[in-house]
Amino acid sequence: MKWTQTLIPTLREAPADAEIVSHKLLLRAGLIRKLAGGVYTFLPLGLRTLRKVEQIVREEMDRAGAVEILMPALQPTEIWEQSGRAETASNVLFKVKDSSGRAWFLSPTAEEVVTTLAANEINSYRQLPKNFYQISLKFRDEIRPRFGLMRAKEFIMKDAYSFDTTDEGAMASYKKMYDAYTRIFARCGLKAFPVEADTGVIGGNYSHEFMVPAETGENDVAFCEDCGYAANLEKATSGIPKTATREMGPAMEKFATPGVVTIEALSKPPYQVPANRQIKTLVYVADSQPIIILIRGDDQLNETKLMARTGAVAVRPATVEEIVALLGAKPGSLGAAVKVPEVVKVFADDRLQGANDMTTGANEDGFHLKNVSVERDIKVSAWFDLRTVSAGEPCGKCHKPLKIRRAIEVGHVFKLGTKYSEKLNATFLDADGSRKPSVMGCYGIGVTRTLQAIIEQSNDKDGVIWPLSVAPYQVCLTPLTVAPESPAMQLAEKFYTELTARGVEVILDDRDERPGVKFKDSELVGFPIRIGIGEKSLAKGEVEIKSRNGALQSVKTEAAVETVLRLVAEGRPV
RNA sequence: CGGAGCGUAGCUCAGCCCGGUAGAGCACUUGCUUUGGGAGCAAGACGUCGCAGGUUCGAAUCCUGUCGCUCCGACCA
């Protein structure tokens with residue numbers, strides 16, 4: 001490809017609406033352009049890298065035994081009603097109507113469609129296991145698209161769905177995908193690692209996310225460098241000890257705390273109740289039902305855990321009005337020891353199990369209770385792990401301190417079980433003649449997000465540093481004069497022909513620009529290998545070979561093609 | 001949906017407070033010079049100042065509304 005033939009609109013300055021480095025570079029390197037918020041056009045170079053990532057995904061999925069299909073982006077709403085997700089996933093569904101008024105959803109994922117397919121086409125255990133995947137445009141009505149391709153209204157996703165006869169089979173399918181993901185991200189030159197994850201609205205009971213460490217990520221991951229434990233903070237647990245049991249008084253005691261409405265205020269004089277001897281009482285509304293949550297004063301509630309443990313589809317903090325109506329006091333004086341309506345469930349964090357000599361609100365503005373024993377004085381409906389892990393807490397497995405860092409989620413594997421196959425009748429006849437629902441798994445990779453994560457992880461002050469495997473072109477030929485009869489251009493043409501014939505992807509910068517401009521652009525775009533051909537080195541019978549992330553070397557012109565071939569074959573230029 | 005900010009040339013931004021002929025740098029076109037790391041000089045082209053109302057003799061500037069964009073939060077398969 002010749003530079004002047006394609007379109008590579010590089011920008012010296014980043015557009016003002018780009019915030020993070022990968023988003024700026026996507027725009028500056030001329031890979032994408034924004035049409036609207038969260039909606040982008042892929043320009044020639046951006047599309048080439050996208051196709052390369054897709055191809056790596058495709059090869060590894062095929063290798064893992066999955067088969068490619070293509071499902072519609074337009075999905076009838078009925079199957080979503082049937083699975084129950086029309087309601088639970090409502091806030092992210094793109095809803096459209098055709099001219100006759102019929103409602104459709106634009107596909108954000110395809111569990112319903114693929115399960116319907118399986119229901120119709122798979123009847124026997126002899127047809128299983130199967131794993132169907134597709135690489136396609138997905139739509140999500142993001143309330144706040146941001147960071148370019150990271151969180152967009154439409155994006156390319158690879159989604160795969162496995163169907164097995166047994167739980168063991170489903171685990172094996174899961175493991176195959178897990179291993180395939182590890183290979184895919186490695187081949188993309190990405191340092192991605194798996195972490196235990198919450199399953200969210202998609203359901204299921206076992207899940208890992210593949211994370212790329214990055215300060216600009218939208219997830220927090222807790223991990224232990226010693227034993228390798230790693231989990232999304234939404235899911236992470238630690239080995240932090242429960243609250244110590246102490247000597248205490250025989251009964252609860254009410255005391256006045258005028259104006260004290262925070263844990264911190266109660267921990268100061270004259271009260272001096274340490275946060276870890278206080279019970280934090282929160283009122284939430286879970287699927288329209290008010291619930292009370294108890295966690296220790298120095299802990300933070302994890303709403304994802306709350307949803308997972310209670311099975312609620314939507315939870316939100318109750319309003320002050322709702323709280324006063326329920327408990328008769330405002331936030332700051334709440335507790336679960338007295339005046340709690342019978343019907344209201346009280347969920348307590350495990351860390352409070354056995355806790356006594358605690359202080360909590362009296363459900364009366366300006367009063368607290370002390371000498372509270374959770375066991376003796378509070379009617380707890382259920383105990384759950386509800387707290388958010390903090391950095392430095394002991395690892396639950398090996399007791400070394402946990403660390404927390406930000407990361408970008410690029411892939412997610414779920415073991416679904418029979419949730420969808422039961423609702424959408426994807427059953428098969430087993431060897432013993434009984435009819436059973438398929439045991440499913442689903443596996444996603446955000447392809448466009450992965451592309452941006454590669455840039456986020458691999459760049460410097462000059463621009464993108466593409467791994468060879470996903471670079472839009474492997475080699476950039478840079479003749480410093482471009483007149484057709486000039487020796488530099490003639491040699492460039494010769495290299496172009498030879499390298500292309502040997503299967504190397506080459507772009508020839510035939511622009512009549514000053515050398516500085518061409519060097520800067522090739523570094524901004526991030527081609528792994530550049531061959532500089534100018535009068536000075538030609539006079540010595542040499543050309544310059546520069547790898548994007550390494551040193552410049554002068555080589556004899558005769559040796560140039562072989563040198564480049566060797567660099568490409570090594571996969572990672574010097 | 002709450003909070004904050006921004007919409008002026010292809011890009012980055014000034015001008016707005018204090019109303020009076022719409023600007024700079026980069027990019028683009030032409031010419032000359034230059035030619036191994038984002039060149040110099042000269043000439044040129046490019047704007048319904050997001051949109052709609054209002055106030056005013058006069059609005060990029062003041063007022064109201066509206067749309068879009070960005071950030072924080074909520075949300076996130």
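Chain identifiers are assigned alphabetically (A, B, ...) following the order of the sequence lines, protein sequences preceding nucleic acid strands; residue numbering begins at 1 within each chain.
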Student: CZ of Phe139(A) versus C1' of A77(B): gap in Å, rounded?
Tutor: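 For the pair Phe139(A) CZ and A77(B) C1', the rounded distance is 16 Å.
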
Student: State the pairing partner of G7(B); accept Watson-Crick or G-U wobble contacts with both distances under 3.5 Å, and report none otherwise.
Tutor: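 WC or wobble partner is C67(B).
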
Student: If you check the Phe519(A) side chain, which of G25(B), G37(B), C76(B) turns out closest?
Tutor: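 Closest nucleotide to the Phe519(A) side chain: G37(B).
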
Student: How far does the C1' atom of G68(B) sit from the matching atom of C76(B), given to the nearest Å?
Tutor: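 These two C1' atoms come out 23 Å apart once rounded.
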
Student: Both distances under 3.5 Å, Watson-Crick or G-U wobble: report the partner of G44(B), or none.
Tutor: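 G44(B) is paired with C28(B).
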
Student: Considering only atom P, compute the distance from A59(B) to C49(B) and round it to an integer number of Å.
Tutor: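 A59(B) and C49(B) have their P atoms separated by 12 Å.
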
Student: Taking only the P atom of each, what is the distance from C41(B) to A60(B) in whole angstrom?
Tutor: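 It works out to 33 Å between them.
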
Student: Please determine, for A60(B), whether a Watson-Crick or G-U wobble partner exists with both distances under 3.5 Å, and give it or none.
Tutor: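 Partner of A60(B): none found under 3.5 Å.
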
Student: What does the B/S/- profile of nucleotides 66-75 of chain B look like, 5' to 3', with a 4.0 Å heavy-atom cutoff to protein?
Tutor: ---SSBBBBB

Student: Separation of Ile156(A) atom CD1 from A77(B) atom P, in whole Å?
Tutor: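 Atom CD1 in Ile156(A) sits about 20 Å away from atom P in A77(B).
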
Student: Rounded to whole Å, how long is the line connecting atom CZ of Arg316(A) with atom C1' of G2(B)?
Tutor: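 Atom CZ in Arg316(A) sits about 15 Å away from atom C1' in G2(B).
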
Student: From the options Arg548(A), Arg28(A), Arg530(A), select the one residue that forms a salt bridge (charged side-chain N to carboxylate O under 4.0 Å, His left out) with Glu523(A).
Tutor: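 For Glu523(A), the salt bridge (charged side-chain N to carboxylate O under 4.0 Å, His left out) check succeeds only for Arg530(A).
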
Student: Is the shortest side-chain N/O distance from Arg514(A) to OP1 or OP2 of U35(B) below 4.0 Å?
Tutor: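 For U35(B), OP1/OP2 do not have a side-chain N/O of Arg514(A) under 4.0 Å.
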
Student: Could you pull out all residues at least two apart from His23(A) that satisfy ring pair (Phe, Tyr, Trp, His ring centres under 6.0 Å)?
Tutor: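 Residues passing ring pair (Phe, Tyr, Trp, His ring centres under 6.0 Å) with His23(A): none at all.
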
Student: Measure from the side-chain heavy atoms of Glu523(A) and tell me the nearest of G38(B), G37(B), A77(B).
Tutor: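 The nucleotide sitting nearest to the side chain is G37(B).
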
Student: Paired with A39(B) by Watson-Crick or G-U wobble geometry, both distances under 3.5 Å: which nucleotide is it?
Tutor: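 A39(B) is paired with U33(B).
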
Student: Classify Thr481(A) by what it touches in the nucleic acid, base, sugar-phosphate, or nothing, heavy-atom distance under 4.0 Å.
Tutor: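 The answer is nothing, as Thr481(A) stays clear of every strand by at least 4.0 Å.
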
Student: Could you give the CD-to-C1' distance, from Glu13(A) to U12(B), as a whole number of Å?
Tutor: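 It works out to 4 Å between those atoms.
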
Student: By nearest nucleotide on RNA chain B, pick out whichever of Asp521(A) and Pro15(A) is the more 5' one.
Tutor: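 It is Pro15(A), whose closest nucleotide lies nearer the 5' terminus.
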
Student: For Phe155(A) and C76(B), what is the distance between atoms CZ and C1' respectively, to the nearest whole Å?
Tutor: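 Nearest whole value for this atom pair: 10 Å.
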
Student: Take the protein atom NZ of Lys520(A) and the nucleotide atom P of A39(B), then report the distance between them rounded to whole Å.
Tutor: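 Rounded to whole Å, this separation is 10 Å.
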
Student: Given that His412(A) and Ala14(A) both sit by RNA chain B, which one's nearest nucleotide is further toward the 5' end?
Tutor: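 Looking at RNA chain B, the more 5' nearest nucleotide goes with Ala14(A).
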
Student: Return the pairing partner of C16(B) with a 3.5 Å limit on both distances, Watson-Crick or G-U wobble; otherwise return none.
Tutor: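 Looking at the geometry, C16(B) pairs with no nucleotide.
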
Student: Side chain of Arg12(A), heavy atoms from C-beta onward: which of G25(B), A77(B), C26(B) has the nearest atom to it?
Tutor: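 My answer, after comparing the listed nucleotides, is C26(B).
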
Student: Please state the P separation for the pair U70(B) and C57(B) - nearest whole angstrom.
Tutor: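 41 Å, rounded to whole Å.
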
Student: Please tell me whether Phe210(A) and Tyr181(A) form a close aromatic pair, meaning their ring centres lie under 6.0 Å apart.
Tutor: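 Here the rings of Tyr181(A) and Phe210(A) have centres that are less than 6.0 Å from each other.
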
Student: Checking side-chain contact (heavy atoms from CB on, under 4.5 Å) against Thr557(A), which of Val543(A), Ile531(A), Ile533(A) comes through?
Tutor: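 Looking at Val543(A), Ile531(A), Ile533(A), the match for Thr557(A) under the side-chain contact (heavy atoms from CB on, under 4.5 Å) is Val543(A).
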
Student: Given the C1' atoms of C28(B) and A9(B), what is the spacing between them in whole Å?
Tutor: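 Taking atom C1' in both C28(B) and A9(B), they lie 11 Å apart.
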
Student: Evaluate the ring planes of Phe384(A) and Phe347(A), with Trp represented by its six-membered ring, and classify them as parallel (under 30°), tilted (30 to 60°) or perpendicular (over 60°).
Tutor: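 The rings of Phe384(A) and Phe347(A) sit tilted, inter-plane angle from 30° to 60°.
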
Student: Is Arg28(A) touching bases, backbone alone, or none of the nucleic acid, heavy atoms closer than 4.0 Å?
Tutor: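 Since a base atom lies under 4.0 Å of Arg28(A), the category is base.
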
Student: In terms of the angle between their ring planes, are Tyr174(A) and Tyr206(A) parallel, tilted or perpendicular, with boundaries placed at 30° and 60°?
Tutor: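 Because their plane-to-plane angle lies in the 30° to 60° range, the rings of Tyr174(A) and Tyr206(A) count as tilted.
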
Student: Between Phe105(A) and Trp80(A), what is the ring plane arrangement, given parallel below 30°, perpendicular above 60°, and tilted in between?
Tutor: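 Correct class here is perpendicular.
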
Student: Which whole-number value in Å describes the distance from Arg85(A) CZ to C76(B) P?
Tutor: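 Arg85(A) atom CZ is separated from C76(B) atom P by 13 Å.
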
Student: Expressed in whole Å, how much space separates the C1' atoms belonging to G40(B) and C46(B)?
Tutor: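 One C1' to the other, the span is 23 Å.
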
Student: Would the distance check show the side chain of Asn459(A) and the main-chain N or O of Ile455(A) forming a donor-acceptor pair, the cut-off being under 3.5 Å?
Tutor: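 It does hold such a pair.
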
Student: Using purine N1 to pyrimidine N3 plus N6-O4 or O6-N4 for Watson-Crick, or N1-O2 and O6-N3 for G-U wobble, both under 3.5 Å, which nucleotide pairs with G73(B)?
Tutor: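 Answer to the pairing question: C1(B), which forms a Watson-Crick or G-U pair with G73(B).
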
Student: Hey, does the side chain of Asn302(A) reach the backbone of Lys305(A) with a donor-acceptor pair shorter than 3.5 angstrom?
Tutor: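 Side chain of Asn302(A) to backbone of Lys305(A), a donor-acceptor pair under 3.5 Å: yes, one is there.
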
Student: Distance check, P atoms only: A24(B) and G15(B), in whole angstrom units.
Tutor: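 To the nearest whole Å, 15 Å.
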
Student: How close or far is atom P of A39(B) from atom CZ of Arg511(A), stated in whole angstroms?
Tutor: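 Atom CZ in Arg511(A) sits about 12 Å away from atom P in A39(B).
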
Student: What distance, rounded to whole Å, do you find between the two C1' atoms, one in G31(B) and one in G50(B)?
Tutor: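 To the nearest whole Å, 38 Å.
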
